[in-house]
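Being a predicted model, the structure only gives us computed values, none of them experimental. In this chain, residues are counted from 1 in sequence order. Excluded from the calculations below are hydrogen atoms, water molecules and symmetry mates; all remaining heavy atoms, backbone and side chain alike, are included.
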Amino acid sequence: MMAKITKGRDFGGAVRYITQDKKEAKLLDSKGVLTADKQSIIDSFRLQSQLRPDVKVMVGHISLDFSKEDVDKVDDNLMRKVADDYMRRMHIQNTQYIPLRS
């Protein structure tokens with residue numbers, strides 16, 4: 001498994017990028033985020049960020065890529081577990097996030 005980490009400042013741009021129609025992303029879970037639609041997700045992140053004005057880099061996008069040989073072995077449940085485990089091991093806890101599968 002390979003991880004690519006991108007940081008930014010714009011929740012709207014990040015959410016629109018990861019939920020593009022052409023990516024066919026599937027929302028697997030959510031932690032502290034309203035998920036009715038894209039705007040709800042963006043608003044949830046923005047509202048929470050207002051509570052931490054001291055944090056300069058609010059937006060992170062982590063792409064976890066698996067080997068092509070493992071594609072048939074990776075289902076949605078495993079992806080949720082991997083995402084939760086990755087966040088815990090990277091000490092990214094007590095925060096909002098939305099794991100997606102594309």
Side-chain angles (χ1 to χ4, degrees):
M1 179 177 70
M2 298 282 295
K4 178 183 175 187
I5 302 171
T6 307
K7 295 180 181 182
R9 304 190 90 174
D10 181 26
F11 293 108
V15 170
R16 283 187 288 278
Y17 172 74
I18 63 174
T19 59
Q20 293 178 54
D21 291 337
K22 69 180 180 179
K23 288 187 175 292
E24 298 178 18
K26 177 182 179 183
L27 183 65
L28 298 176
D29 199 2
S30 66
K31 306 290 184 192
V33 179
L34 298 174
T35 59
D37 55 27
K38 289 179 190 181
Q39 194 59 51
S40 296
I41 295 170
I42 294 165
D43 291 344
S44 291
F45 283 124
R46 284 186 180 149
L47 287 170
Q48 184 71 21
S49 72
Q50 292 173 0
L51 298 174
R52 293 294 310 272
D54 56 309
V55 177
K56 301 297 181 215
V57 180
M58 292 282 188
V59 181
H61 172 221
I62 303 169
S63 175
L64 301 177
D65 296 320
F66 293 86
S67 168
K68 290 180 182 178
E69 292 85 34
D70 294 332
V71 169
D72 294 334
K73 301 173 192 171
V74 180
D75 64 9
D76 291 352
N77 286 327
L78 179 60
M79 287 294 293
R80 273 190 288 278
K81 290 176 186 176
V82 167
D84 285 341
D85 188 52
Y86 182 86
M87 296 291 280
R88 184 181 52 78
R89 288 174 182 244
M90 294 299 290
H91 304 284
I92 305 171
Q93 297 176 300
N94 301 318
T95 192
Q96 300 167 293
Y97 74 98
I98 51 170
L100 294 108
R101 180 180 187 157
S102 57

- Item | Backbone N/O of Q96 and side chain of Q48: donor-acceptor pair under 3.5 Å | no

Salt bridge (Lys or Arg N to Asp or Glu O under 4.0 Å) partners of [X], counting only residues at least two apart:
| X | value |
| --- | --- |
| D65 | none |
| K56 | none |
| D72 | none |
| R101 | D76 |

Kindly compute the distance separating [atom1] ([X]) from [atom2] ([Y]), expressed to the nearest 0.5 Å.
| X | Y | atom1 | atom2 | value |
| --- | --- | --- | --- | --- |
| Q39 | R46 | CD | CZ | 6.5 Å |
| M2 | S63 | CE | OG | 10.0 Å |
| S102 | E24 | OG | CD | 9.5 Å |

- Please report the shortest heavy-atom distance between I18 and A25, naming the atom on each side. O-CB, 3.3 Å

Can you hop from [X] to [Y] via hydrophobic side chains spaced under 4.5 Å?
| X | Y | value |
| --- | --- | --- |
| F66 | I5 | yes |
| I98 | I62 | no |
| L64 | M79 | yes |
| V74 | L100 | no |

- Check side-chain hydrogen bond (donor to acceptor under 3.5 Å, both in side chains) between D75 and all other residues, then give those that pass, not counting sequence neighbours. none

- Message: Using the side-chain hydrogen bond (donor to acceptor under 3.5 Å, both in side chains) criterion, which residues pair with R80? Sequence neighbours excluded.
- Response: N77

N/O donor-acceptor pairs under 3.5 Å from side chains in residues 27-35, not counting sequence neighbours:
residue	atom	partner	partner atom	Å
D29	OD2	K31	NZ	3.3

- Listed partners of Y97 passing ring pair (Phe, Tyr, Trp, His ring centres under 6.0 Å), at least two apart: none

- Task: Could you note down all residue pairs passing side chain to side chain donor-acceptor pair (under 3.5 Å) where residues 1-12 supplies at least one of them, sequence neighbours left out?
- Result: none

Please tabulate, one pair per line, all N/O donor-acceptor pairs under 3.5 Å involving side-chain atoms of residues 86-94, not counting sequence neighbours.
residue	atom	partner	partner atom	Å
R88	NH2	D85	OD1	2.3
R89	NE	D85	OD1	3.2
R89	NE	D85	OD2	2.8

- Sequence neighbours left out, what pairs pass ring pair (Phe, Tyr, Trp, His ring centres under 6.0 Å) with at least one residue falling in residues 1-51? F11-F45, Y17-H61

- Message: For residues 33-45, which residue pairs pass the salt bridge (charged side-chain N to carboxylate O under 4.0 Å, His left out) check, not counting sequence neighbours?
- Response: none

